[in-house]
Every structure is written in C-alpha cells, then in structure tokens.
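These notes concern the structure reproduced below.
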Amino acid sequence: MYEFVSGPLALSTFLIFFLGLVWRFIWYVKGLNWQADRVAYTQNARYGVRGALRSILCWLIPYGTHGWRYYSGFTALVFIFHFGLLITPVFLLGHNELLKQSWIGFGLPALPEALADALTIAVMVAALFILVRRIALPPVRILTTAYDILLLVIAVAPFFTGFMAYHQIGNYNFWLILHILCGEIMLIAIPFTKLSHFILFFMSRAQIGMDFGIKRGGMKSKGFPW
Amino acid sequence: MPEGTLCNKKTIDTQEALHALLADKSGKKYYEEMKQLDVNATVLWGVIRKTLKSRLRTWLEICAHCGMCADSCFLYLTNGRDPKQVPSYKIQSTLGELVKRKGKVDNDFMHHCMDTAWSKCTCCNRCAMYCPFGIDMGVMFGYLRGLLFSQGFVPWELKIGSGMHRVYRAQMDVTTEDWVETCEWMCEEYEEDWPGLTFPIDKPDADIMYTVNAREVKHYPEDLAEAAILFHLAGENWTVPSQGWEETSLAMFAGDWAACKMQVESVYDAMKRLKSKRMVVTECGHAYRATVVEGPYWAGLKTGKTPIESLHYVEWLAEALRTGKLKIDPSKKIKEPVTYQDSCNYIRNAGLAECAREIMSYIAEDFREMTPCREYNFCCGGGGGFNGIGRYREQRNIGLKIKRDQVLDTGAKLVIAPCHNCWDAIRDMEEIYHIGIRWSFLKPVLLKMVLVPEHLKPKDE
Ligand code: SF4
Ligand code: SF4
C-alpha cells in the first residue's frame, strides 16, 4: 500500500497537478479578449505590466492594501493559513528526505522540525477560526456553501493527518498512508476546484491591475492605490 | 402574451416607438407586460457561452465567499448590513445562478435579476478594491445588465434612455437644431455682459472640441453659457460640434451595447470631422466614463483611446488654473468649509483624484476631505442609472444616507459636485434629509472668482 500511494500514485498526482496548472494558465490567457474585457492588454504594455505587478505585490504583503487593513483580524488568519499551507510541505524535513532518496536525488533546505510542527498547528488553528467566522458572521454565512467547507477540509486534512503521524498518535502506518492520500487529494483538487486560486489569484490580480493600469486611470495617475 | 407591445426584446429605434413608451406613464403597462415576458433560454445561453470568458468565469468560480467585499458596498452599509446586500451574494444569486442553470430560468428569476442589477448595484466598482482577487461586481453587473437588456428585462426609464440614444444620439429628445439654437441663444443672452463672447459651432482645427450632457441643453442652458464664458476668459480656441456633442450614455446604464457604440461613434466622427486637438467633456462623470474610458472599446479602437486626446472638465480646469490661463481673485476664494464629491466614474475609474485636489487648492481656503475620499470615496448613491428609475426610488433614497453622513462629518455646508449624477443625488439627498447644505458644479463657482482681463470686461462697468 505505502509503495503504491507514495510511488505511482504520487507521480501521477504531481503530473496532474502541474499539467492542470499549465492548463489553467493557458485557458485563462486564451480567454482574455481586449474588446470584450475592454482592456487594451497589448497596447500600452508598460502601463499594463506596472499595473499587474503593483496589483499582485501589494496584495501579497500582509496589511499592504486598504482591504487587508480594513479586516485586520481576518487578514492575520488568511496570511498565517496560507503561509503555513505553502511553506510547511515544501520545506519539511521528511518530505525533502524522501526527495533525496528518490530518483530526484536532492532536496530543499529543511525547516527545523519544531517550527514545522508549530506551523502545522497554526494552519489548523487558523482554519478553525476561519470556519467559525464563516458560521458566526451573517455576511459570510450567507455566502458559505458545503463546497466551501469541503475545500477547507481538503486543505487541512494533510496537516492533521501529518500531525498525527509525526507525533505517532495511534497507528503510525494508518496515519501515514492517510496523510499521503490526503496530500494527493489536495494537489489534484487544486487545478480542478476553487483551490485553483493557487494560480488564478495571480492571473486575476494581474488582469484587474492591467485594467486599472491601462484603462481606468493608470496612465493619468501614479498607479492605483490598492 | 409573451412579447408585449411595449415590453419586449426589441430595441427602440423610431420616434413612434419612443413616444409609445413615453406615453405609458411610469411604465405601468410596460411592467405589467414584463410579468408575461418569456425568456429565450437558448439565445440567452448562446450569448453567455460566447461572451462569458476566462475573466468573468474565474471571478464567478474562485470567489472565496470570504465576505471581504461586504463593507465596501454602500448599499450593504445603508441597508442595515442586510446579508443579501453583500456584493458576492448579489452576483452569485443572479449571474452565478444564471450560469449554473445554463440560462434555463423563468420570468420570476429574470425579475429578481433585474431588481438586483439596477437597485442593488450602481456599478461603482468600489468592491473591486477590497476583494483579494480583484473581483469587480460593477463590471459583472454591467455584463448582467447587457444580458437582461437583450431579453427585455430592463427598467422602463432605461429602455427609453437607450432608445433616445438610438433615435437622437442623445439621452434626451434634443435634435441637432435644438442644440444649435440653444448654443446661439446662450451666446446672444450673454454677449452683452461678455464682450467678444462667441459660441463657435463646427469650427475646424480648434484646440478644444467641447462636448456636453443633453440635460444641460434641455434644462440648464446656463451651464453652456458658463462653459463658453470660461473658455472665452481663458482665451481658448474652442468649438462645439453640431453633431456628436452628446457625451452621456444611458445606453451604458441599460446594457444596450449596440447603442453605446452608435453614441460614442457620433462623437468620434465629430473629432475626425473637426480635427480639433483635444476634446473637453463637461462636468459629468458617466459621460467621461462612457465616451473616453469605455467608448474606444465599443467602437473597436485597438489603442483603447479616443481618436484625439480627451480631458474631463476638471483636467482642463486644473490645467487652466495651473498655467494661469484663468486667474483667481484671492479675496474671492471660498472661505467657508467646503467639501468635494469624488465621482466614481472619473476618480476611481479614471485616476483624476489629483486634479480635483489641485483645483480645490486654488479656489478654497478651507477644503475638507470626506472620509473615505479619492478613489475610496463612496458612490453618491445615485450612480449607474439609480437616480433615474422610479421603480427603485425608495431603495435609492436609502442609499443616499451614506453621502448624507459623509457630508455631515466634514462640517461643510457646501459640496462641490462636478458630475451630473452626483449633483442630482446630493440635491435629492438635501430634499429628503434636510441637512442644510448647498451643492454646486465648478463652473458657477469659478465664474464668481475669476479675474476678468481688462479688455474682456463689460463696457458699462
Ligand atoms: S471579497 Fe472577493 S472573494 Fe471575497 S466574497 Fe467578496 S467577491 Fe468573493
Ligand atoms: S459595484 Fe458598488 S454598488 Fe455594486 S456591489 Fe460593488 S460596491 Fe456595491
């Protein structure tokens, strides 16, 4: 079982993940239309690039925009959650050991294990608060669907199962295999669900940045004050 | 009776059709007929499949349902934070559903979409600034309005408005003759007070081609005179076109894209015909948005720019004051506290916040910003057609509360509102809520304080 989920299944997962992302990228760019979107993307490219970069970078910085500053508590949750979600698996000692032992033969530098553990807990706690917020606040509750909650579960499951396996709570093998499966589910879910904002965040922000940068005033001002 | 005689999927292209609609007071029969109007699901879905591309699809799909757009919307805030006014909810429950059901929707659903698209969103685009993905409900509701228009589900006043543009190339029934006569009349009326004042019509190769809002012609002709006097004092070589003088676009509010194209092309034709160096648009926000910002795309101009450089009135005025073409008598500057209404259409969506500040620095001693202001200002409460739709008058009046409170907080009793929609909304707000304020365009304020060069002074003075 372990051989299968960590071997061929893992390989296919990564393949689907990467190809899926490439497909999303191409699909997005191909679907842009200067006349329908009313943005002269290719003309005034300098303003477009500037607008796109500003729009992405400002929103990647914690509290870097009016929006992030307005909802300061939620912003903390969002950044902790996403930071842990992205950094932990990529720089986890265990994951990189596996890479070194595999045909790839090398791994990335690893986080200290205690830090990785803390990040894992942070992701789970942040997710819990995000869930509570979803249910507690009327303007968010009205938007929430079962699908939103399922995606939250899909995103957190690898962390929870990994945590159980690492701390050897209960049956190690059971949690390990479940952890690998959950990780694979998440990776496959990224291109096919709303989790596609993994890449579409950048596309969408770039687009609106170009919109404001080229058409809506960017050529007459210092750039949009996000 | 699926297609009514007044309410149907056809566009209004003749005077007779326009008159028939106008004769139906408040659209009583029109809205009655709308209750029977069929939805052509096949056509609707066909249009959606052709036009709903990656940008809009992505917005609908990846919306995280996080609610960060909630407080950005003045209609959410003024309606007691009703969750049904959260921007994301408004679009998901309309366009989102429409797409999910592949266009197979009924009359009730279309009514729900119409009421949401025109009474719960003014297309102010403020939510786009607060959404982490940059999801812009103003753009999406604009798109939805287009779909609704094509199926005949559009408020009565806007069906008329788009028809006006189709028939008269103006938002009101102002013909070329009416326009030219009004210009001449205003010139006659004021030339005694302003020796040498002219109102050049169709003058080729001028530096400025001036274009207006039909309301000025029909209801506020003094505005035209004031514009002429200020150009005169500034020594500008200017003109107005006899055709293609109308900048506004109720067709844009209605979602009638074909009429939008016809309207802006009439202006672009005038630009090419008269070969002016630049165009200046009167103090109107949506007019500038329609003809200068969006128009080139409707007309298929790949550069995304108008055939000649185009300025909003505040750009011209800031420039005239900066370069000294117009000089202010310092003793006549506004002394009382005064605030400025940032119009969504040329401030947030066209980057002219700085021009407005520059002008205020020349003309006011105690300028007070609203909070929030500039790009982040709230909609006046009457944008996107909201002001003009009787069916939604009550909702509009609720929306005005945001501006009432913003103005009150500044302590100013005078609001400079260089936008017809904002001006109207603020006037109505005062009429309804009696907070004791005055409001004004820039032109009359300027006329009270500009220095008149000796040789242009009236002889009897
Ligand atoms: S802020 Fe953006 S992502 Fe969040 S609910 Fe609103 S539209 Fe959706
Ligand atoms: S565009 Fe303006 S009115 Fe419409 S939902 Fe967004 S904030 Fe509200």
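Only this structure's heavy atoms are used, side chains among them; waters, hydrogens and symmetry mates stay out. In the text below, chain A, chain B and the rest are named by the order of the sequence lines, each starting its count at 1.
- Salt-bridge check for B:R55 with A:D211: passed, with a basic side-chain N closer than 4.0 Å to an acidic carboxylate O.
- Aromatic rings of A:H66 and B:Y130 (six-membered ring for Trp) have centroids beyond the 6.0 Å cut-off, not under it.
- If you tally non-hydrogen atom pairs under 4.5 Å between each of B:E294, B:K305, B:Q85 and chain A, the highest count goes to B:E294.
- Contacts between A:R134 and chain B at a heavy-atom distance below 4.5 Å involve the side chain alone, from C-beta outward.
- For A:F201, the parts lying under 4.5 angstrom from a heavy atom of chain B are both the backbone and the side chain.
- Looking at B:V293, both its backbone and its side chain come within 4.5 Å of chain A, counting heavy atoms on both sides.
- Nearest heavy atom pair, residue A:F224 against residue B:R348, reads CE1-O, 3.7 Å.
- For the pair A:K215 and B:Y297, the cation-pi test (distance below 6.0 Å, angle within 45°) is passed.
- Proximity to chain A is limited to the side chain of B:Y76, based on heavy atoms less than 4.5 angstrom apart.
- For A:D37, the parts lying under 4.5 angstrom from a heavy atom of chain B are both the backbone and the side chain.
- Residue B:N349 touches chain A through both its backbone and its side chain, counting heavy-atom pairs closer than 4.5 Å.
- Salt-bridge annotation for A:R24 and B:E61: present, with a side-chain N of the basic residue lying under 4.0 Å from a carboxylate O of the acidic one.
- The contact between B:Y376 and chain A is made entirely by side chain atoms (from C-beta outward), counting heavy-atom distances below 4.5 Å.
- Residue A:T42: no heavy atom, backbone or side chain, is found under 4.5 Å from chain B.
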- Query: After noting the C-alpha distance and the side-chain angles of B:S54 and A:W27, does the key distance pass the side-chain hydrogen bond (donor to acceptor under 3.5 Å, both in side chains) rule?
  - Reply: CA-CA 7 Å; B:S54 58; A:W27 170 84; over 6 Å; no
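- Using a 4.5 Å heavy-atom cutoff, the side chains of B:N125 and A:R216 are in contact.
- Residue contact with chain A, scored on non-hydrogen atoms closer than 4.5 Å, is absent for B:I347.
- Between the side chain of B:R81 and the backbone N or O of A:P139 there is no donor-acceptor pair closer than 3.5 Å.
- The parts of A:I142 that come within reach of chain B are both its backbone and its side chain, each placing non-hydrogen atoms under 4.5 angstrom from that chain.
- When A:V78, A:V39, A:L32, A:T193 are compared by the number of non-hydrogen pairs under 4.5 Å with chain B, A:V39 comes out ahead.
- Among the candidates A:Q35, A:R141, A:R38, A:K30, the residue making the largest number of heavy-atom pairs closer than 4.5 Å to chain B is A:R38.
- Chosen from A:L200, A:I130, A:N33, the residue pairing most often with chain B at heavy-atom distances under 4.5 Å is A:L200.
- Options A:R205, A:M203, A:M219 differ in how many heavy-atom pairs under 4.5 Å they form with chain B, and the most are formed by A:R205.
- Contacts of A:Y28 with chain B are made by both backbone and side-chain atoms, with heavy-atom separations under 4.5 Å.
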